[in-house]
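Here the structure comes first, spelled out in structure tokens, and everything after it is commentary.
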Protein chains: 2
Amino acid sequence: MTAKAEQKERSHETILESAARLLREKGIAGARVADVMKGAGLTVGGFYAHFDSKDALIDEALRRTSGEMRQRLFARLEDKPEGDRAEVVLKRYLSAAHRDDFARGCPLPAVVGEVGTTAREHGDVLGAQVNAMSSELEAYLPTNGGVSPRYLALGLVALMYGGLSLARALRGSPLSDDVLKACRALGSAAARDGAKPVT
Amino acid sequence: MTAKAEQKERSHETILESAARLLREKGIAGARVADVMKGAGLTVGGFYAHFDSKDALIDEALRRTSGEMRQRLFARLEDKPEGDRAEVVLKRYLSAAHRDDFARGCPLPAVVGEVGTTAREHGDVLGAQVNAMSSELEAYLPTNGGVSPRYLALGLVALMYGGLSLARALRGSPLSDDVLKACRALGSAAARDGAKPVT
DNA sequence: CTTCTCATCGTACCGTCGTAATATGACACG
DNA sequence: CGTGTCATATTACGACGGTACGATGAGAAG
């Protein structure tokens, strides 16, 4: 009896991984059930034995991809000088490599727009992910700036997400690289001095 | 003979206005041809007498809405002290009112994600709009900062777009207001001191 | 060996979307 | 007053999407 259960669990995991990839590459509407199953080496028919609905799959995939991304983003920071850590995160997120690695990168660029317009039902899950990302970043920010670390972190998350999204949408144009560079510069300055208001 | 031509021109304009509204409210895929025509008080049948395809309509609507938005965003700045103008733009863009006014606000939050994933064909038009917005903002930025006005402007555009997109996706949650506030603070500091690198 | 279970498959239903072909009806012109 | 033109309406087609249901076949249980 255990062999069947194991197989089902493996399939569940494979489906989720396929969904995670497609969600990041093609967004919510673009991650079609049939394609997700094909990516998992299965066919449509079996899908509803694993998930209640496409929406449930998207929610789970969103949590999964967001968690993965945070892990990669904040990995191996102990090696870096304490004051540089936020900048390292910024540079990792706003890199050309991250822009070009849809399949394993941040899911936000692929889902935020849809959540704001036609997929409001995923707003809660999205909010939790944004919150988690911001909270984790907050720990690496200075406390003596003009803005509290919490707000600084939220602003940096918006800057990172905005820069990466634009860079992905404009990839192929030189403007894409410029956007990344500009966001790194703006973000680094803010991460160091805490966005001190000027006179 | 002129009466027909006038009517057709009026219809073209009405269709475009309807598309502009729907594009901002529901995104590219969400702005369906039948709905656009209904919003214009017409029916699907006549659509292809006015536009070659849905894609052509979207491109035109994107240019239109983006231009409208810039006009509103940079209007009446002569009243303001010269050094405050960039900040005024920031505050207008990152306001709760703008977040809640889908129908007349910035189209970027509704289209950037799709262009990055499933609607690459609109990338050129989108790039031109981002460029226009950044260029216009650039004129109001300090030249003595750590970053050139061009890069500062690009970074601020990414911050504004990112903040507004997140705020729209999270509307209803208190996090939405926090994101706007955080982006205003971060942006204002950068717009004033030009993102000076610290020590 | 037989029977039951269950993960997965093949397939079909129903709605929706972009697009196109034809119909209609109002206006301009002779 | 009749005729042709053209903007718009009606309707249909083909593709595709999420979802559901019966078939299949491999493994577990006796």
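Here the structure is a predicted model, which means the values were calculated and not measured. Just so it is clear: chains get the letters A, B, ... in the order the sequence lines come, proteins before strands, and each one is counted from 1.
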State which residues pass salt bridge (Lys or Arg N to Asp or Glu O under 4.0 Å) with E17(A); sequence neighbours excluded, sorted by chain then number.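 Applying salt bridge (Lys or Arg N to Asp or Glu O under 4.0 Å) to E17(A) gives none.
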
Could you state the [atom1]-[atom2] distance from [X] to [N], rounded to the nearest angstrom?
{"X": "K8(B)", "N": "dA28(C)", "atom1": "NZ", "atom2": "P", "result": "17 Å"}
{"X": "L42(B)", "N": "dC6(D)", "atom1": "CG", "atom2": "P", "result": "19 Å"}
{"X": "H50(B)", "N": "dT19(C)", "atom1": "NE2", "atom2": "C1'", "result": "16 Å"}
{"X": "F51(B)", "N": "dG18(C)", "atom1": "CZ", "atom2": "C1'", "result": "15 Å"}
{"X": "K38(A)", "N": "dC9(C)", "atom1": "NZ", "atom2": "C1'", "result": "14 Å"}
{"X": "R10(B)", "N": "dA7(D)", "atom1": "CZ", "atom2": "P", "result": "12 Å"}

Between F51(A) and H12(A), how do the two ring planes meet: parallel, tilted or perpendicular, split at 30° and 60°?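 The arrangement is parallel - the two ring planes meet at less than 30°.
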
In residues 12-26 of chain A, which residues come under 4.0 Å of DNA chain D by heavy atom? none

Could you go step by step and tell me if R150(A) and S135(A) meet the side chain to side chain contact (heavy atoms under 4.5 Å, CB included) rule? CA-CA 7 Å; R150(A) 168 148 197 276; S135(A) 298; over 6 Å; no

Do nucleotides 10-21 of chain D as a string where each nucleotide becomes B, S or -: B if the base has a protein heavy atom under 4.0 Å, S if just the sugar-phosphate does, - if no protein is that close. B------SSBBB

Inter-end axis angle, the helix from dC1(C)-dG30(D) to dG30(C)-dC1(D), with every axis fitted to five base pairs (rounded, 10 degrees):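 For the helix from dC1(C)-dG30(D) to dG30(C)-dC1(D), the axes at either end differ by 10°.
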
Apply side chain to side chain contact (heavy atoms under 4.5 Å, CB included) to the pair V89(B) and E136(B), showing each step before the final yes or no. CA-CA 11 Å; V89(B) 171; E136(B) 202 154 348; over 6 Å; no

Evaluate side chain to side chain contact (heavy atoms under 4.5 Å, CB included) for S66(B) paired with R70(B), printing each intermediate quantity in order. CA-CA 6 Å; S66(B) 192; R70(B) 288 199 302 277; 3.2 Å; yes

Group every Ile, Leu, Val, Met, Phe, Trp and Tyr by side-chain heavy-atom contacts under 4.5 Å, then state whether F102(A) and V111(A) land in the same group.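 No: no chain of side-chain contacts under 4.5 Å links F102(A) to V111(A).
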
Shared hydrophobic cluster for L23(A) and I15(A) (ILVMFWY, side-chain gaps under 4.5 Å):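 As far as the 4.5 Å side-chain criterion goes, I15(A) and L23(A) are not connected within one cluster.
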
Pair [X] + [Y], salt bridge at N-O below 4.0 Å:
{"X": "R76(B)", "Y": "D79(B)", "value": "no"}
{"X": "D177(B)", "Y": "R99(B)", "value": "yes"}
{"X": "E13(A)", "Y": "R64(A)", "value": "yes"}

Holding to side-chain hydrogen bond (donor to acceptor under 3.5 Å, both in side chains), I want the full list of residues that pass it with R24(A), two or more places apart in sequence or in another chain. E68(A)

Mind listing the residues from residues 109-126 of chain A sitting with a heavy atom below 4.0 Å of DNA chain C? Number order is fine. none

Is the side chain of H98(B) donor-acceptor paired with the backbone N or O of Y93(B) at a distance under 3.5 Å, no angle test? yes

Without swapping roles, check the side chain of S134(B) against the backbone of N131(B) for a donor-acceptor pair under 3.5 Å. no

Do the side-chain N or O atoms of Q7(B) get closer than 4.0 angstrom to the phosphate oxygens (OP1, OP2) of dC6(D)?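 The answer is no; no side-chain N or O of Q7(B) sits under 4.0 Å from OP1 or OP2.
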
